[in-house]
Each structure stands twice: as structure tokens, then as C-alpha cells.
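Keep in mind it's a predicted model, so treat the numbers as computed, not measured. Residue numbers start from 1 in every chain, and the chains themselves are labelled A, B, ... in the order their sequence lines are given, proteins ahead of strands.
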Number of protein chains: 2
Amino acid sequence: MVTSHDVARLAGVSQPTVSRALRDSPNVSAETKERVRRAARSLGYVISDSGRALASGRTRRVGLLVTDLENQFYPYVIAAMHRQLEALDHQLILHTEDRDGENVTERLFSHGLDGVLLATTTSDSALPVRLRDRGVPFVYFNRTSAVEADSATVDAAAGLGEVAGALADRGHRRVAAIFGPRNTSTGEEREEALREALEHHGIGLPRALTHRGPFDVETGHAGMQRFLALAEPPTAVVCSNDVVAIGAVNAAHEAGLAIPEQVSVVGFDDLPPARWPVFSLTTVAYDLTAMAQAAARLLIERIEAGDRPGTYRHEVFPTRLVHRRTLAAAPMS
Amino acid sequence: MVTSHDVARLAGVSQPTVSRALRDSPNVSAETKERVRRAARSLGYVISDSGRALASGRTRRVGLLVTDLENQFYPYVIAAMHRQLEALDHQLILHTEDRDGENVTERLFSHGLDGVLLATTTSDSALPVRLRDRGVPFVYFNRTSAVEADSATVDAAAGLGEVAGALADRGHRRVAAIFGPRNTSTGEEREEALREALEHHGIGLPRALTHRGPFDVETGHAGMQRFLALAEPPTAVVCSNDVVAIGAVNAAHEAGLAIPEQVSVVGFDDLPPARWPVFSLTTVAYDLTAMAQAAARLLIERIEAGDRPGTYRHEVFPTRLVHRRTLAAAPMS
DNA sequence: TCCCTGACTGTATGCGTATGCAGGAGCCGC
DNA sequence: GCGGCTCCTGCATACGCATACAGTCAGGGA
């Protein structure tokens, strides 16, 4: 393995000069830089991550904390963050939380992360507190908790306001909702926004027309099944996100119900599968990629700025309802 | 940050003893180990990845090389590998190849990887050669190339043999196929296996009933569209994998064609979405999770065994056709 | 001409862990 | 009771890079 010493020898300079030259330090003459760069290139020198990390105290690695890697939502998030971080010369380390969430922190730090992206924080999680106490920079993605930090989130209220309007316009009165978990800011926020928006159009959400569960396909499936078993099923189902909506569509399909003729379905996120013809999901859209990249960017900036409490940045992404084919007029009853 | 020196001080031993004790070295007495462990726990000591990497020359990090993180196939692969590697105390680093595949190697090594999992190697890629020449351990997952190495792959011939039989049994004579790229072992192997198996049942694959493209949704969509525009469309379409099949189903759906009444579709992989009621895809199944974990395991074992040319292991996973609802008797013409 | 300044570069050292080697303590057998 | 052995532990050092600090050299002002 070729080291900075080898480069130094070839370039006729000292090792520290190599270090400085390659990082484009201002106190290295242009000609020396050039000589060093040539030497490095001709030797095929690549800096040692470990050496740099040990000396600088920065690993240039950040963690992404996610509960379920198989959830259809994350590939897009991971891909976007990965690209952004690569551009900023950082690496993304995936971390799945244990069931108990016990030794997450420990494992987090044993891996020497410069910071953490929290994508599935629950509002009762102790992790943000621990991170703050240990001075580890972190950023919320799509979720927040009581501990303040930089965040990239979505303006759910706007999108769900549109949803409620669209439903009302089309004569829906019996509307059901599948909510996310109570202990997530995303779940709570969307629930509150939807209730309020529907209320505004005089549409209530009785308990029987409400289902709650994790943001996954099974939740949507189970919720829709429950609704369809009702004596008076809803004419529309609003889902906490697209993955849930996919589950709901599946259940309707399984039950032989026509969408949107017999029941309308609305999602949230506008994931690529929402555009697949078999779903063609009417859904609340926003720029998920930009949001993921914003979270990554905020984290790196936070890392480089150092701890500066009270100056948190919250990027909120606008939403809009995308009309496809799962929302239609309420059927005559 | 608490270091092994701190632990040593508290435990009343030297730093190297801490290192040995925590790694359960045989030449440390049981009582010393216990004392060190207690000290470490009470201080909340976590080993420094960078320190260990620098000193040991092993980063305990392996790369997964993938072209397209958004492809529906990979989340399951990544999740399985991640779990397996976590159990083996290693980390997974995602790497997406550039278009040109140019500086992949460089970036690979700058990040100090102990080994690489190749999941999207093309048979004409120079990467395996470069890895071999630089002595970097690597394992093929789902694909291989001319450079021999450990591998975890699928017994495509068996599954596709079953597919051909099932098609013949149901009276399909006009069968179309959507193949993977020519420069992938997976694509070639499945093409050859399918052609041969169909041939065996007296079914030919004329050029018009053949489409080729990357293993993605768009390929399936485009292929099916092409087939459906034919004067005499096929009664069944065999797809190179489930993601492609999803695209095909979408196109059929879009065209208003009933599956399987008007056209049958068969996939490969049995991804979770294949089980979704909207698809309910008849597909060639195998244990994808086990295969991903095998690849990870093979890599770690290879890393620990050191270079030992000529002793490569090839784990081939058995397949079987899973009957769901996209394969039925050929329609009367 | 001399001193001072600024621009570079080299020297020394530290980051946290792993490991080769030496040394000490205890034990066995003769 | 002594040599030699095993078992355990400490000492010294290396891994590759970054950085504080010291040093050098050229140039400019007085």
C-alpha cells in the first residue's frame, strides 16, 4: 500500500507537505502542489481513511438510522442521501435499530460516525437526548422529536388540505383514514392535519373509520380489510403514506372491489411505484429526493459548523396533490 | 472520548492487556479479562474503529457494488447482507458505479474496504481483474464473470425448466421472453436456459417475441408494449426477473389486457411485491435472503482465510416455480 | 547593509489500537 | 532445589495522516 510518505519521497518533500498539498492548503506553493499531485497520481496514491480519521478525529462517515430496510420508502431515500453524501465526500452507514433500541448508541459510536441522520425516530425515543448529550450532530429526516435539531420535513397540512378539498368536492362523506403510529411526529402531524382539514369540510372521522399502524404494506392491507367488512364501508380511504396505500389497494383488489369506482384511495409521498399503472395512485407529492439530500446537506453543514445550539434550521418541503386514478366521485349509495 | 488507556488505568493493567482482554485473547487470565470488561463497561468504553483499522490493517468494512440503488431488487438484498454482516461484526458500504465505471476502484480503496460484494458485475467489466490484481477479496452475488471467485448464485435452469413445462402443459405455443442484458451472466444464463427448456417442449422463441434490456421496470413495460402491438401477440411472457415482470404487468394493465386470461406473465426472484395481490405473480422462487447472506458470509470467510487461489466456493441456490395468478391456460385463438 | 516580515516547508508529535518481544512468576520433574 | 517450561503481562513500537511549532529563505523597507 502506497502512503503519503512514498509520495513525499517521490516528490522530494516531507510527508506533512504531501498532506497539505493534497488537501489544497493555502500555505503550499502552487508548484509544490503540482509536483505532489503528480507524484501521487503516478504512484496511484489513495489516502487512508483510517489514518485520516485517526489523525483528524473525523471519519467522514454518517449513519442513517432506519428501522426497516425492506420498507419500500427507504430505497429512494437512501439513494438520494447516498448521492448527496458522495458529492460531499462522505459515506453513508446504514443502521437498523434493534427491537429494544438498546445498544444502538453504543454501536453507533463504536463505528465512529461524525453524525447521524434520524429517519425513523419515535417521539418517545431516548436517542436524540443521548446524541445531544454526547454532542453528536444529528438531523431529523421526515420526523422530529422534542429534542430540537436541524430537520428536513414535509408540509403535510397543505397537501392534506388539498386532499380534504378534493374529497369533499367529489361528494365523499364517509371517509376513512389509516394513520401512522401515535409515537411518530409524522403520524401525529398527518392525523391532526387530516382531521382538521376534513372537519373544515364538515366531514368527521368516527373511530370505526380509523385505523392505525406502522407505515407499511400490512397496515394498509389490514386497515382496508377492516373498512370493507363494515356494514357501511367508506367511499374513500386516506392513507398515511404510499406504502400503506399500496397495501390498501391490494386489499381492495383482493376483495374484488373496483378502485376508484367503489372506493377511492389517496396516498402520501408519491413514490415511484405510485406512478405504476396498476396503482396509479392519487397522492400527496413532494420532492423526496431533494428532501433526503437536504437532510444530508444539513448534517454535513452542522458537522462542519460545530455545535451551535439555538441555530437550528428546518427545511420544510411543499406538497401538492397529484391526481391520478384512485380518486373519483363518491359512488351513489 | 474514553480510550483503552482509560480502561487500562481503571483496571490496573496495561493498554495492550485491555486490547487483548476485550478481544478474548487466549493469553489473558480469566480474572483479568473480567476486570477489564467491568472497567470497560463502567466507563462506557467503545473501541475506536479508526484506531483498530489503522493498527490491524482491517477496516471490518466491505463494499456492495450496485448500479442502481432504486431498483426494487436491492432493498431485500441489502437488508439481508446488512443483517449478516452485522452478525459478523462488519459494516456494509454502498457503492454505486459511475456510468463509466472509471474511478470505482480508486474510491473503493480510498475507503479502505476489506472486500467487495459484486452484485451487478457485467461480464466485460474490468473491475474483477483489477480487484484480483490488487489482491482485494471479492465475491459475486447473483452474477459472475470470467475472473473466478467465490459466488452465490441461483440455479436458473431448474426453475426455468419448470416454467417451460408449465407453459407447455397449459397449451402455450406463442411464448415471448424479456431477457436481461447480454453482458451479464445472469441475463445470458437465463436466456440460454429458457430457450433450451422451451425448445425441449417444441416451443421456439422467434426474434419478434423477444425483448432485451436492463433488469428494471421500464424494460418490462417496453417489452410488453411491443409484444402487445404485434399482429399476433404472445399468450405468455417470461420475464428475466420480477422487477421486469412488474413492468410487464403494468403495461398489460395499462393496455386493458386481463392477466392471465389474455396473457400470462412469469417472473423470477419471488420478491415480496410478487406476493402482493395486485400482482400475485407466478414466479421462480429461491431463498434470496439466504443467498445474500451466503455472499456476505463467503466474503468474510475469504477475507479471514486470506488469498488462496484455486479454492473458490460456489453456492448455488435451488429454485422452484411458485404458482400464483399470472399463469393460466393459453386463451383459445 | 541590516532587520523584519511573510511565505513556505520541515520536525516533532499525537490520534487509539494491535502485536512482536522480553520479562517475571509460578510450576513441574528430576 | 534447580533448570526449564508455561502462562501471563508489560514495553516498545508501528499503522498513516494531521497539525502545532520551529525553521529557512527571499524580499523589502529603512
Side-chain angles (χ1 to χ4, degrees), chain A residues 1-37 39-40 43-61 89 106 109-114 303-304 306, chain B residues 1-37 39-40 43-61 89-91 106 109-114 303-304 306:
Chain A
M1 169 175 275
V2 31
T3 73
S4 59
H5 286 96
D6 302 324
V7 177
R9 204 170 310 125
L10 179 60
V13 297
S14 69
Q15 176 271 325
T17 297
V18 171
S19 171
R20 284 185 281 246
L22 294 181
R23 275 176 314 118
D24 207 25
S25 151
N27 6 331
V28 175
S29 71
E31 47 205 332
T32 302
K33 275 183 191 168
E34 186 46 31
R35 199 146 34 94
V36 169
R37 274 198 276 257
L43 290 177
Y45 169 75
V46 286
I47 195 171
S48 152
D49 235 26
S50 315
R52 173 221 264 153
L54 194 55
S56 71
R58 289 219 17 212
T59 61
R60 306 192 77 77
R61 254 172 272 143
D89 192 24
E106 181 178 340
F109 298 107
S110 87
H111 293 316
L113 301 176
D114 287 346
I303 290 169
E304 301 194 321
Chain B
M1 169 174 275
V2 32
T3 74
S4 57
H5 285 96
D6 302 323
V7 176
R9 203 170 312 123
L10 180 60
V13 296
S14 69
Q15 177 270 325
T17 296
V18 171
S19 171
R20 285 185 280 248
L22 294 182
R23 276 177 311 121
D24 206 23
S25 152
N27 10 331
V28 174
S29 71
E31 50 205 330
T32 303
K33 276 183 190 168
E34 187 46 32
R35 200 146 34 93
V36 169
R37 275 198 275 258
L43 290 177
Y45 168 74
V46 285
I47 196 172
S48 153
D49 237 25
S50 314
R52 172 221 265 152
L54 193 55
S56 71
R58 291 221 11 215
T59 60
R60 305 193 78 78
R61 256 172 271 144
D89 193 23
H90 279 251
Q91 282 181 281
E106 181 179 340
F109 299 108
S110 87
H111 291 318
L113 300 176
D114 288 346
I303 290 169
E304 302 196 321

Check every strand shown and say whether [X] touches a base, only sugar-phosphate, or nothing at a heavy-atom separation below 4.0 Å.
| X | answer |
| --- | --- |
| B/Thr3 | sugar-phosphate |
| B/Ser29 | sugar-phosphate |
| B/Val13 | sugar-phosphate |

I'd like a list of close polar pairs between nucleotides 21-24 of chain C and the protein, N/O only, cut-off under 3.5 Å.
none

Could you tell me the separation between the [atom1] atom of [X] and the [atom2] atom of [Y], rounded to the nearest 0.5 Å?
| X | Y | atom1 | atom2 | result |
| --- | --- | --- | --- | --- |
| A/Leu54 | B/Leu54 | CG | CG | 5.5 Å |
| B/Ser29 | B/Arg35 | OG | CZ | 7.0 Å |
| A/Ser50 | B/Arg58 | OG | CZ | 12.0 Å |
| A/His5 | A/Gln15 | NE2 | CD | 4.5 Å |
| B/Arg20 | B/Ser14 | CZ | OG | 6.0 Å |

With a 4.5 Å cut-off on side-chain heavy atoms, are [Y] and [X] touching?
| X | Y | result |
| --- | --- | --- |
| B/Arg23 | B/Arg52 | no |
| B/Thr3 | B/Arg9 | no |
| A/Lys33 | A/Arg37 | yes |
| A/Thr32 | A/Val13 | yes |

Given atom [atom1] of [X] and atom [atom2] of [N], what is their separation to the nearest angstrom?
| X | N | atom1 | atom2 | value |
| --- | --- | --- | --- | --- |
| B/Met1 | C/dC15 | CE | C1' | 11 Å |
| A/Asp24 | D/dC17 | CG | P | 18 Å |
| B/Leu22 | D/dT9 | CG | P | 13 Å |
| A/Arg58 | C/dC15 | CZ | P | 19 Å |
| B/Asp49 | C/dG16 | CG | P | 14 Å |
| B/Asn27 | D/dC5 | CG | P | 19 Å |
| A/His5 | C/dG10 | NE2 | C1' | 12 Å |
| A/Arg60 | D/dA18 | CZ | P | 10 Å |

**Q.** DNA chain D base-pair string [pairs: Watson-Crick or G-U under 3.5 Å; |: paired with another strand]
**A.** ||||||||||||||||||||||||||||||

Can you tell me if [X] touches the phosphate of [N], counting only side-chain N or O atoms and a distance under 4.0 Å to OP1 or OP2?
| X | N | result |
| --- | --- | --- |
| A/Ser4 | D/dC17 | yes |
| B/Thr32 | D/dT9 | yes |
| A/Ser19 | D/dA18 | yes |
| B/Ser14 | D/dG10 | yes |

Q: Between A/Arg23 and B/Pro26, name the one whose nearest nucleotide on DNA chain D is closer to the 5' end.
A: B/Pro26

Q) DNA chain D: B/Val28 or A/Gln15, which has the more 5' nearest nucleotide? A) B/Val28

Q: Would you indicate which nucleotide in D/dT19, D/dG16, D/dA18 comes nearest to any side-chain atom of B/Leu54?
A: D/dG16

Q.
Does this structure show an ion pair linking A/Arg60 with A/Asp49, if we count only N-O contacts that are shorter than 4.0 Å?
A. no

Q. Which residue, B/Pro16 or A/Pro16, contacts DNA chain C at a nucleotide closer to its 5' end, judged by nearest heavy atom?
A. A/Pro16

